[in-house]
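Report on one structure; see the data block that follows.
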Amino acid sequence: MALKDTIQTLLSQVSDIQANNAEELEALRIKYLSKKGEITALFNEFRTVPNEQKRELGQLLNQLRQETEGRINELREQFEAKQAEADKPDLTRTPDPIALGTRHPLSLVREEIEDIFSRIGFTIAQGPEVEDDKHVYGMLNFAPEHPARDMQDTFFIEKEKGVQKPTDVLLRSHTSSVQTRVMTSQKPPIRVLCPGRVYRNEAISARAHCFFHQVEGLYIDKNVSFADLREALLYFSKEMFGPETKIRLRPSYFPFTEPSAEMDISCNICGGKGCSFCKGTGWVEILGCGMVDPNVLEACGIDSKEYSGYAFGMGVERITNLKYRVKDLRLFSENDVRFLRQFESC
């Protein structure tokens, strides 16, 4: 009864037949049902069994063949159904292929700046673009007659229709307003980076725009010194422009810092030797900085006798110009795909 045992063994295996694709299914069909397959071989062997056993074994053999064919056909139908589903046209697709986009160069540079300063403990702080005079100017030691308050520099927002004179509601002209909000809502130590869009009433040209992007930093704690500021900016410059980058700090003036400085880096195009980009000086200005003025600390409710701090601010467009050598600021806001495609691999 060896034939009967073989048939019953195969019958128990038929329901478990599996295939992952049409190729595997065809291999199973050949294994069991082809001219040289296992079931065909059993039918050849069936011819030699005694007559009294042929009825029983014949029924088992037919059952085995039918169940095997049924299982293989079932799997074939499943594959065909999946393929038919995959071949169905997607009616939601556009007739023309859609090209993948890429991040804007300003976003690439802003994120890189954020990443560099996050390594030395800075966190991100955000604030509103529509601000009030108090947070943009008043708490930052701007005198009432400071020219930055004039409508020729700042976009003021009318409170009601028909009002012509400036109000205390405006579009922020720098992200320092975020710093004042942080200083009035948090206790030192404070170490924040404030990225965002700012607005100034300027004529649009290759070198200026009525809106642009800034990243400003603020660090307040006990015993913060100008040396701490210098080392933080030196670290940023080397990480952003390369380990050979040098910096220099030149005395300057800002209402909210004292002492104040403007920082230059060695030209990353000529390596400090002098070129048309750096106007032959070997240096390129990238940001302003300084120690937070005690008047600003006091206006924000921080004891200037116990705490000190530094602040810095840079234009994202300026850094992007240096990194990618983009000469016209207007390209950043015109959405020209020919320009934007240059940054697909960045």
Side-chain angles (χ1 to χ4, degrees), residues 102-125 175 189-196 207 212-221 223-252 254 257 259-292 309-329 331-332 339-340 342-346:
T102 182
R103 289 180 296 170
H104 196 279
L106 295 180
S107 297
L108 291 169
V109 172
R110 189 200 71 239
E111 291 171 5
E112 187 173 358
I113 294 172
E114 293 174 357
D115 178 64
I116 291 172
F117 280 103
S118 69
R119 299 174 209 160
I120 54 176
F122 283 82
T123 58
I124 304 300
T175 54
I190 296 171
R191 197 194 302 254
V192 294
L193 204 66
C194 309
R207 299 175 61 86
F212 54 98
H213 301 80
Q214 282 188 333
V215 173
E216 298 194 33
L218 174 71
Y219 176 39
I220 298 175
D221 203 348
N223 302 317
V224 177
S225 68
F226 201 94
D228 297 322
L229 169 61
R230 181 188 181 281
E231 289 304 308
L233 296 179
L234 178 62
Y235 170 77
F236 162 73
S237 301
K238 289 180 177 293
E239 290 294 306
M240 175 62 73
F241 299 106
E244 303 301 320
T245 303
K246 299 178 182 178
I247 68 171
R248 71 176 183 182
L249 297 167
R250 295 178 287 105
S252 187
F254 303 109
T257 54
S260 303
E262 291 181 347
M263 192 186 86
D264 305 330
I265 63 167
S266 54
C267 181
N268 62 321
I269 296 177
C270 65
K273 297 178 181 179
C275 65
S276 59
F277 190 85
C278 62
K279 300 178 181 179
T281 65
W283 297 93
V284 181
E285 177 193 341
I286 66 167
L287 60 83
C289 60
M291 301 300 294
V292 179
Y310 63 70
F312 58 85
M314 67 188 81
V316 179
E317 282 83 350
R318 180 65 168 168
I319 305 299
T320 308
N321 284 346
L322 290 171
K323 193 169 181 64
Y324 296 117
R325 305 182 190 181
V326 180
K327 297 181 179 179
D328 193 332
L329 284 177
L331 290 171
F332 292 128
F339 170 71
L340 297 176
Q342 298 178 55
F343 302 90
E344 289 179 350
S345 61
C346 297

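The figures here come from the full heavy-atom set of this structure, side chains too, leaving out hydrogens, waters and symmetry mates.
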- Item | Point-to-point distance, once rounded to the nearest 0.5 Å, from OH of Tyr219 to CG of Leu229 | 12.0 Å

- List for me each residue that meets ring-ring contact (aromatic ring centres under 6.0 Å, His included) alongside Phe122, sequence neighbours excluded, and say none if there are none. Phe117

Per-pair distances, 0.1 Å, donor-acceptor, side chain in residues 281-289, under 3.5 Å, sequence neighbours excluded:
{"residue": "Thr281", "atom": "OG1", "partner": "Cys278", "partner atom": "O", "Å": "2.7"}
{"residue": "Thr281", "atom": "OG1", "partner": "Trp283", "partner atom": "N", "Å": "3.2"}
{"residue": "Thr281", "atom": "OG1", "partner": "Trp283", "partner atom": "O", "Å": "3.1"}

- Item | Inter-residue atom distance Gln214.CD - Met314.CE, 0.5 Å rounding | 10.0 Å

- Message: Return the CZ to CG distance between Arg250 and Asp264, rounded to the nearest 0.5 Å.
- Response: 4.0 Å

- Message: Does Asn223, at its CG atom, have more than 12 non-hydrogen atoms belonging to other residues, nucleotides or ligands within less than 6.0 Å?
- Response: no

- Can you see which heavy atom on Gly217 is nearest to which on Leu193, and at what distance? CA-CD1, 4.0 Å

- Item | Cys194 side chain near Leu218 side chain, heavy-atom distance below 4.5 Å | no

- Task: Begin from the C-alpha positions of Arg191 and Asp221 and carry the test side-chain contact (heavy atoms from CB on, under 4.5 Å) through to its verdict.
- Result: CA-CA 9 Å; Arg191 197 194 302 254; Asp221 203 348; 5.8 Å; no

- Note on the structure: In short, Lys323 meets Met240 closest at the heavy-atom pair NZ-O, 3.5 Å

- Donor-acceptor contact below 3.5 Å, side chain His104 vs main chain Phe332: yes

- Residues Val224, Ile220; criterion side-chain contact (heavy atoms from CB on, under 4.5 Å); working and verdict: CA-CA 7 Å; Val224 177; Ile220 298 175; over 6 Å; no

- Task: Return yes if some donor-acceptor pair links the side-chain N/O of Glu216 with the main-chain N/O of Thr175 below 3.5 Å, else return no.
- Result: yes

- Message: Between Tyr324 and Phe343, is the ring centroid distance below 6.0 Å?
- Response: yes

- Please indicate whether Lys238 has more than 12 foreign heavy atoms, meaning atoms of other residues, nucleotides or ligands, lying under 6.0 Å from its NZ. yes

- Under 4.5 Å between any side-chain heavy atoms of Asn321 and Leu329, yes or no? yes

- Task: Begin with the C-alpha distance, continue with both residues' side-chain angles, and end with the deciding distance and a verdict on side-chain contact (heavy atoms from CB on, under 4.5 Å) for Ile319 and Val215.
- Result: CA-CA 10 Å; Ile319 305 299; Val215 173; over 6 Å; no

- Message: I'd like to know if the side chain of Ser266 and the backbone of Lys246 have a donor-acceptor N/O pair within less than 3.5 Å.
- Response: yes

- Test side-chain contact (heavy atoms from CB on, under 4.5 Å) on Arg119 and Phe236 and set out the steps. CA-CA 10 Å; Arg119 299 174 209 160; Phe236 162 73; over 6 Å; no

- Rounded to the nearest 0.5 Å, what separation is found between the CD atom of Glu114 and the OG1 atom of Thr123? 11.0 Å

- Query: Is there a side-chain contact between Ile116 and Tyr235 (heavy atoms, below 4.5 Å)?
  - Reply: yes

- Nearest 0.5 Å please: distance from the NZ atom of Lys279 over to the SG atom of Cys267. 12.0 Å

- Message: For a quick test of reading the model, state the closest non-hydrogen atom pair linking Gly290 to Phe226 and the distance between them.
- Response: CA-CE1, 4.4 Å

- How many angstroms lie between CG in Leu106 and CG in Leu331, if you round to the nearest 0.5 Å? 10.5 Å

